[in-house]
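Note that the coordinates shown come from a computational prediction; the quantities given were computed from them, not determined experimentally. So you know, we letter chains A, B, ... as the sequences are listed, proteins then strands, and number each from 1.
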Protein chains: 2
Amino acid sequence: MTPTIKDVAKLANTSKSTVSRYLNGKPVKKQTEEAVRRAIAELNYHPNMNARRLVLDKTQEIGIVVDDITNRFYSAILKGVRRILDANGYDCVFYTLGLHHRKETDFLDLLYEGQVDGLIFVSFMRRSEDDVEEMKASSFPVVLIGDDAGVNEIPSIDVDNSSGVIDVVNYLYRIGHRDIAYISGPDGAAATKARMEGYQASIARLGLKLNPDLIVVSDWSNKGGYTAMQQLLEVGGFTAVVASNDESAFGAMSAMQEQGYNIPKDFSIVGFDDIDISSWSYPSLTTVRQPFEQMGSNAAQMLLEMIDSDGERSYSRDLLKPQLIVRSSCLTL
Amino acid sequence: MTPTIKDVAKLANTSKSTVSRYLNGKPVKKQTEEAVRRAIAELNYHPNMNARRLVLDKTQEIGIVVDDITNRFYSAILKGVRRILDANGYDCVFYTLGLHHRKETDFLDLLYEGQVDGLIFVSFMRRSEDDVEEMKASSFPVVLIGDDAGVNEIPSIDVDNSSGVIDVVNYLYRIGHRDIAYISGPDGAAATKARMEGYQASIARLGLKLNPDLIVVSDWSNKGGYTAMQQLLEVGGFTAVVASNDESAFGAMSAMQEQGYNIPKDFSIVGFDDIDISSWSYPSLTTVRQPFEQMGSNAAQMLLEMIDSDGERSYSRDLLKPQLIVRSSCLTL
DNA sequence: TTGTAGGCGTTATCAA
DNA sequence: TTGATAACGCCTACAA
């Protein structure tokens, strides 16, 4: 049998309560403390967390539910989350939907069941308003990363996608480009709309003409970027391209290189994300860096505050500014 | 107050035991079942998992402890793990060392404390024999991914690194290369030695001469591959290079391209890992694909079996064969 | 500073 | 098929 607090007490010649107090750092006489310590060591005693959680009604665990584990960004988010949790003595249970087609809201049960003290939902797909309302209604500590479906009074964190694209278009304008094509993303992604709006807004603000032929919808994949660029190349009439993510930017670059074009001499190109290869590639890719790790740590911070304040919510949407990273895929005209 | 099983019983005009039975799918009379179901719905009752875990001494959770969350491979491993766990009703708690310089063995406490039913340790660094012996001694359900420090009787899973490099050297030989350079990895990584051995063994087996000048030690980084290649280019006398990972292969490619060389016309190059860019790059990279997802699912499978068989261990080391992926970075001579 | 006693929400045993 | 009752291992008044 694995030893319990009772066994320790017996061996140390004292009571369960005293051992418990010792374990929780409450005042205990030097002498008994020593005896308890020895008993614990001798028995190789470890407290049973499930018993503790039952009485405390607190797990010191938060859950993170992720919609698509394949997404390359989640490890950075997780890293940020872990940093905050580690510093506060929390652990992190990892859930994914997808396989069983579960909905995000199904995971609210974890809160009801006392399995976790709070939940971070991360998805960059578009959320349904109903789902977000349900999370809000649950009145448990919950924070969203990604889309908030326009629901205001729920804590959420996202990248300011529109501002990222605006930065990048402004940059291209500054170095002389006037005819700027755009490779958009998939409809299901929440960021697609915001990035497109950023593109259109900055084109307008700079007094450039918006040429619909220079906008092509893709799916953020490498292959998608490749075909999108083939399309653009047939149309022509541009000197620079904004790809709405790095992966499709690389696909676009392949298409151009295959047709014998040189980057950046013939065309300038920028991406969005700053994935690791963007700095390795030849030429390296000018892009917009997403602050994933910070999204994770901010989310964890908010969640922990809600947990500590006993569920009181701060009702804020935190839009983090992405950062323009200038490298060598653009030519100054 | 959140409702308990007792409240449900009262409302359904029955006893706690009956409700408990209903919850666990044991036979209950149709009539009472209906009453219980209604009571549960009306009260919005959810069972308290911590109470259940206390009496069952079982959490239905396994822990995965990862040494370096930055590592790009962990999400694939995690995906494999999750697939198996999902199918078996287990959840997955995620731990990292690193931040507080904790050792892997510190996490054995999670088992003692009843927080998880089993543990998967994943690290591609070299493990100390002492640590692995300690895991083995604990006699809890535990499986290692990566190094096993030569300890035989502990379940572990790894890639057959040596065989991967052998495949790739044989391939280069087959298409006509005889002077094959090698860019090695960092000393701390467990795979470095095995891959180097694969290189040396196949060079010997093919009757080629082993030229020490064509072996350069690097650190698996992009920049490391870049400088390694500069070094090799000064020496010269090779037609192909084996980089011991993809990232350094790309660094090497940059160095060659910067000096005006064409790949594969001037030099052939292969990598190891098959990270996503390897298929996007121009030219795309011939490499060795690591079966990360399968490593995860195999590990989870082994662990679950150990848990079900009440801790009995299968004492096996599972070496998965990596797969040669031929793309366009090599020229047939 | 210490010990006694009661309770946390389940499941499991045993009679009925 | 059901209902008392006793665990499970811990924490926390309360009294000493």
Side-chain angles (χ1 to χ4, degrees), chain A residues 1-40 43-61 89 109-117 310, chain B residues 1-40 43-61 89 109-117 310:
Chain A
M1 272 317 286
T2 96
T4 75
I5 206 175
K6 199 172 158 190
D7 303 314
V8 176
K10 196 180 300 174
L11 187 60
N13 243 323
T14 178
S15 72
K16 294 192 304 177
S17 351
T18 304
V19 177
S20 173
R21 284 188 209 103
Y22 166 78
L23 290 172
N24 294 297
K26 281 164 193 163
V28 169
K29 200 161 53 168
K30 266 272 177 314
Q31 241 170 342
T32 40
E33 172 176 337
E34 186 48 34
V36 170
R37 194 202 317 280
R38 256 207 303 272
I40 287 177
L43 296 171
N44 189 26
Y45 165 81
H46 294 266
N48 180 315
M49 286 305 174
N50 296 314
R52 178 175 287 173
R53 286 171 182 170
L54 173 59
V55 5
L56 260 28
D57 197 26
K58 185 98 172 25
T59 60
Q60 293 291 115
E61 294 194 330
D109 280 356
L110 296 167
L111 265 357
Y112 285 111
E113 295 168 351
Q115 297 209 52
V116 294
D117 298 337
D310 211 31
Chain B
M1 271 318 285
T2 96
T4 75
I5 206 175
K6 199 172 156 189
D7 302 314
V8 176
K10 196 180 300 173
L11 187 59
N13 246 320
T14 179
S15 72
K16 293 194 304 178
S17 334
T18 303
V19 177
S20 174
R21 282 188 211 102
Y22 166 77
L23 290 172
N24 294 296
K26 281 163 194 162
V28 169
K29 202 164 50 172
K30 266 274 179 308
Q31 237 170 346
T32 40
E33 174 177 335
E34 186 47 35
V36 170
R37 192 203 316 282
R38 257 206 303 273
I40 288 178
L43 295 172
N44 189 26
Y45 165 81
H46 293 265
N48 181 315
M49 287 305 175
N50 295 314
R52 177 175 288 175
R53 285 171 182 169
L54 173 59
V55 10
L56 260 27
D57 197 26
K58 184 96 168 33
T59 60
Q60 294 289 116
E61 296 194 327
D109 281 356
L110 296 167
L111 265 356
Y112 285 110
E113 294 168 352
Q115 297 209 53
V116 293
D117 298 337
D310 210 31

Inspect the contact between B:R37 and B:E34 and indicate whether a charged nitrogen and a carboxylate oxygen are less than 4.0 angstrom apart.
-> yes
Please report the C-alpha distance between B:Y45 and B:L11 in whole Å, then the side-chain angles of each, then the deciding distance to 0.1 Å, and finally whether the side chain to side chain contact (heavy atoms under 4.5 Å, CB included) criterion is met.
-> CA-CA 12 Å; B:Y45 165 81; B:L11 187 59; over 6 Å; no
Side chain to side chain contact (heavy atoms under 4.5 Å, CB included) between B:T2 and A:Y112, intermediate numbers included = CA-CA 9 Å; B:T2 96; A:Y112 285 111; over 6 Å; no
Side-chain contact, heavy-atom cut-off 4.5 Å: A:Q115 with A:R53?
-> no
Sugar-phosphate atoms are those with a prime plus P, OP1 and OP2; base atoms are the rest. Using that split, label each nucleotide of nucleotides 9-16 of chain C B, S or - for protein heavy atoms under 4.0 Å, 5' to 3'.
-> BBBB----
Should A:I40 and A:Y22 count as side-chain neighbours, where that means a heavy-atom distance under 4.5 Å?
-> yes
Does C:dT1 have OP1 or OP2 sitting under 4.0 Å from an N or O in the side chain of A:T18?
-> no
For DNA chain D, note the earliest and the latest nucleotide, 5' to 3', having some atom under 4.0 Å of a heavy atom belonging to chain A.
-> D:dG9 to D:dA13
Rounded to the nearest 0.5 Å, how far apart are CG of B:N48 and CD of A:E113?
-> 9.0 Å
How sharply is the helix from C:dT1-D:dA16 to C:dA16-D:dT1 bent, taking the axes over five pairs at either end and rounding to 10 degrees?
-> 30°
Does the side chain of A:L23 come within less than 4.5 Å of A:I5's, by heavy atoms?
-> yes
Pairwise side-chain contact, A:H46 with B:D109, heavy-atom cut-off 4.5 Å (strictly under) = yes
Taking atom types as modelled, find out whether B:Q60 and B:R52 have a side-chain donor-acceptor pair closer than 3.5 angstrom.
-> no
Between A:S15 and A:T18, is any side-chain donor less than 3.5 angstrom from a side-chain acceptor?
-> yes
